[in-house]
Amino acid sequence: MQHFPIFLDLAGRRVVLSGGGDAALAKLRLLLKTEAHLTVFAADPAPEIENWASQSRLRLVRRAMQPGDTLCAALFYAADEDANEDARTSALARADGALVNIVDNLQDSQFITPAIVDRDPVTVAIGTEGAAPVLARAIKADLEAKLPATLGPLARIGKAFRKMAEALPMGRARREFWADYYFRTGPTAIATGEDGAREALDELLLRHLDAKNRPGHVAFVGAGPGDPELLTLKARRALDEADVVIYDRLISAEILELARREATLIDVGKEAYGPSTPQETINALIVEHAQKGAQVVRLKSGDSTVFGRLDEEIEACDAASVSWHIVPGITAASAAVAAIGQSLTKRQRNASVRLLTGHDMKGFADHDWATLARPGEVAAIYMGKRSARFIQGRLIMHGADRTTPVTVIENASRPDQRILSTTLDALPTDLADANLSGPALTFYGLASRAASAALPALQQELA
Ligand code: SAH
């Protein structure tokens, strides 16, 4: 970050601008929104500038700038539309100690003016370090469309009410009051005018003062396979409201970013074969925070009901009389099958699909191999990397066709997703060669659409 964004208090400060044409007008329209004392030096000012001068909104000096004209100025804008004149005036201003901006000359400017979304007192400043003004404009247009025009008055009325809201205890109670005002009650109330919004605030405060403190609660939230865009709206909302987020190893950083900045994030990541937080400790943590009154999000990858040891955590909540609910997520099998362009079930191929785990607490997991070995069966194997040879052996022993397609999808839905197309026969060796380090889902009985199109040359293809 070369340019550090700050909001400067210009009330009563001196700001000087040199120039009287279009570049000057564009900057002045912005500067006139502030409470700065504006002085414009222009030998030939545009009529708008003359107008503003006659309304005393700025001081107009009808000549070129001279040494000493920028004394005590906080900011100086060179808007001369002439490189030589810009260089001359900005040198004068620099000598007087003002911070200098030269319009359309990032290189020689000491500060830049961002693209601004103005919902005063809510102001959004967008900068791209001069890299992409088009992008800044697009973001600005996007935000303009998103932020209701009433946001300004809402925030102004809200600001005047801050002292009153201190009747609520600091922390969650106060946060919920303001969230209620800005996102629910306020926007409706202000439709009837600013007085309406003020009255709504009084009522809202009474309601929140009356409301008993919300007791702690646990949401078991499926975070999906990793792509933040595959979070459900409910998962996003739960993250928005969480006081405590207890998350697993597979939760991506982009998703954790979505938690409130004040939320406590607790990593209880479990390595499949490495050091791990014991399940009892996780259960105890969940219960402990909920009993203190926190809104707890227990964030698990994929869907929390699939190989997530969810029941143990639910039982711990029940035993402690802590309320809970489940927010479903997109399980790895769904993301992985999408990645290979197939469906999990298909008429005349398979009317059922199994979700298997490669290993359980006792070691390699046993399954109904005889059924799985029949042609057309499809299984989504979770945690199946290390047990690949075991699974292959069992299936072949029970008569499975060695040429049955097998597809391994690593990091499904993530930018580093990889697809390994192989067969039951070649699975263990291909897997060892591919050296996958991320979470991987193995489909037994499903080829990726690209690989099945290339049949019969169905062989290792590492994408
Ligand atoms: N509850 C999770 C599964 C947890 S078990 C779910 O519904 O997806 C962990 C296993 O899930 C991993 O070993 C891997 O087999 C699979 N997995 C999780 N995320 C994955 C991803 N992005 N790509 C491929 N497999 C994934």
Side-chain angles (χ1 to χ4, degrees), residues 219-232 234-235 238 245-256 267-274 276-277 279 282 297-314 326-342 344 353-365 367 378-391 406-422 427-428 431 434-444 446 448 462-463:
F220 294 102
V221 176
D227 177 353
E229 291 196 53
L230 290 178
L231 277 173
T232 63
K234 284 201 172 173
V245 180
I246 302 178
Y247 65 96
D248 282 345
R249 183 178 59 97
L250 288 180
I251 303 298
S252 63
E254 294 97 312
I255 287 177
L256 285 178
D267 178 3
V268 292
K270 280 200 259 186
E271 284 285 343
Y273 290 85
S276 64
T277 310
Q279 186 62 46
I282 300 176
V297 163
R298 172 69 176 111
L299 197 59
K300 292 168 183 281
S301 76
D303 182 274
S304 44
T305 72
V306 178
F307 304 125
R309 299 188 71 175
L310 174 64
D311 301 73
E312 295 161 64
E313 296 174 8
I314 287 179
I326 300 174
V327 178
I330 292 184
T331 189
S334 297
V337 83
I340 61 172
Q342 291 286 14
L344 283 174
V353 60
R354 282 159 198 260
L355 308 185
L356 309 183
T357 170
H359 67 87
D360 57 21
M361 287 189 317
K362 291 186 253 69
F364 294 143
H367 298 285
V378 171
I381 306 171
Y382 289 70
M383 296 171 278
K385 274 190 295 184
R386 286 177 193 235
S387 48
R389 188 169 290 284
F390 169 77
I391 291 172
V406 173
T407 311
V408 184
I409 300 95
E410 182 197 30
N411 295 318
S413 87
R414 301 178 184 220
D416 47 359
Q417 168 179 295
R418 290 203 295 171
I419 296 169
L420 172 70
S421 295
T422 179
L427 172 66
L431 206 49
N435 204 11
L436 307 180
S437 56
L441 190 117
T442 306
F443 276 121
Y444 164 72
L446 270 191
S448 91
L462 198 53

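Atoms within each ligand, like the ligands themselves, are counted from 1 in listed order. The chain is numbered in sequence order, starting from 1.
Those atoms of ligand 1 with a heavy atom of Tyr382 less than 4.0 angstrom away are 3 (C), 6 (C), 8 (O), 11 (O), 15 (O), 16 (C). Interface of Thr331 with ligand 1, defined as ligand atoms under 4.0 Å from a residue heavy atom, comprises 6 (C), 7 (O), 8 (O). Proximity to Phe307 (heavy-atom distance under 4.0 Å) selects the following atoms of ligand 1: 4 (C), 5 (S). Set against the non-hydrogen atoms of Ile409, the atoms of ligand 1 under 4.0 Å away are 24 (C).
For ligand 1, one of its N or O atoms has an N or O atom of Ser301 under 3.5 Å away. Considering backbone and side-chain atoms alike, Ser304 places every N or O at 3.5 Å or more from each N or O of ligand 1. Checked by distance only, ligand 1 and Glu410 stay at 3.5 Å or farther apart across all their nitrogen or oxygen atoms. Close N/O approach between Gly384 and ligand 1 is not found [any backbone or side-chain N/O within under 3.5 Å]. Any N or O atom pair closer than 3.5 Å counts here, and Pro225 shares at least one such pair with ligand 1. Between Ala412 and ligand 1, at least one pair of N/O atoms sits closer than 3.5 Å. The N/O atoms of Gly308, backbone and side chain alike, include none that comes under 3.5 Å of an N/O atom in ligand 1. The shortest N or O to N or O distance between Ala332 and ligand 1 is below 3.5 Å.
When all heavy atoms of Tyr247 and Asp267 are compared, the closest pair comes out as OH-CB, 3.3 Å. Here the closest heavy-atom approach between residue Ala333 and residue Leu441 is recorded as N-CD1, 3.8 Å. Across every non-hydrogen atom of Val221 and Ala238, the tightest pair is CG2-CB, 3.9 Å.
From the protein, the heavy atom lying nearest to atom 10 (C) of ligand 1 is Met383 CG, 3.8 Å. Val306 O, 2.7 Å is the protein heavy atom nearest to atom 1 (N) of ligand 1.
Side-chain contact between Ile246 and Val297 is absent, with no heavy atoms from C-beta onward closer than 4.5 Å. Residues Ile314 and Phe220 meet the side-chain proximity criterion, which asks for heavy atoms closer than 4.5 Å. Thr422 has its side chain out of reach of Thr407: every pair of non-hydrogen atoms, C-beta onward, lies at least 4.5 Å apart. In this structure the side chain of Val327 reaches within 4.5 angstrom of the side chain of Thr232, judged on heavy atoms. No side-chain heavy atom of Lys385 sits less than 4.5 Å from a side-chain heavy atom of Met383.
Listed for the Glu410 side chain is no donor-acceptor partner under 3.5 Å among the backbone atoms of Arg418.
Residues Glu313 and Lys300 are paired through a salt bridge, judged by an N-O separation under 4.0 Å between the basic side chain and the carboxylate.
Heavy atoms of Arg414 approach ligand 1 to within less than 4.0 angstrom.
Residue Ala440 touches ligand 1 through its backbone alone, judged by heavy-atom distances below 4.0 Å. Contacts between Thr357 and ligand 1, counted as non-hydrogen atom pairs separated by less than 4.0 Å, are absent for every part of the residue.
One distance of note links CG of Leu310 with CD1 of Ile326; it measures 4.5 Å at 0.5 Å rounding.
Across the listed options Leu436, Leu250, Leu230, Leu250 owns the non-hydrogen atom lying nearest to atom 18 (C) of ligand 1.
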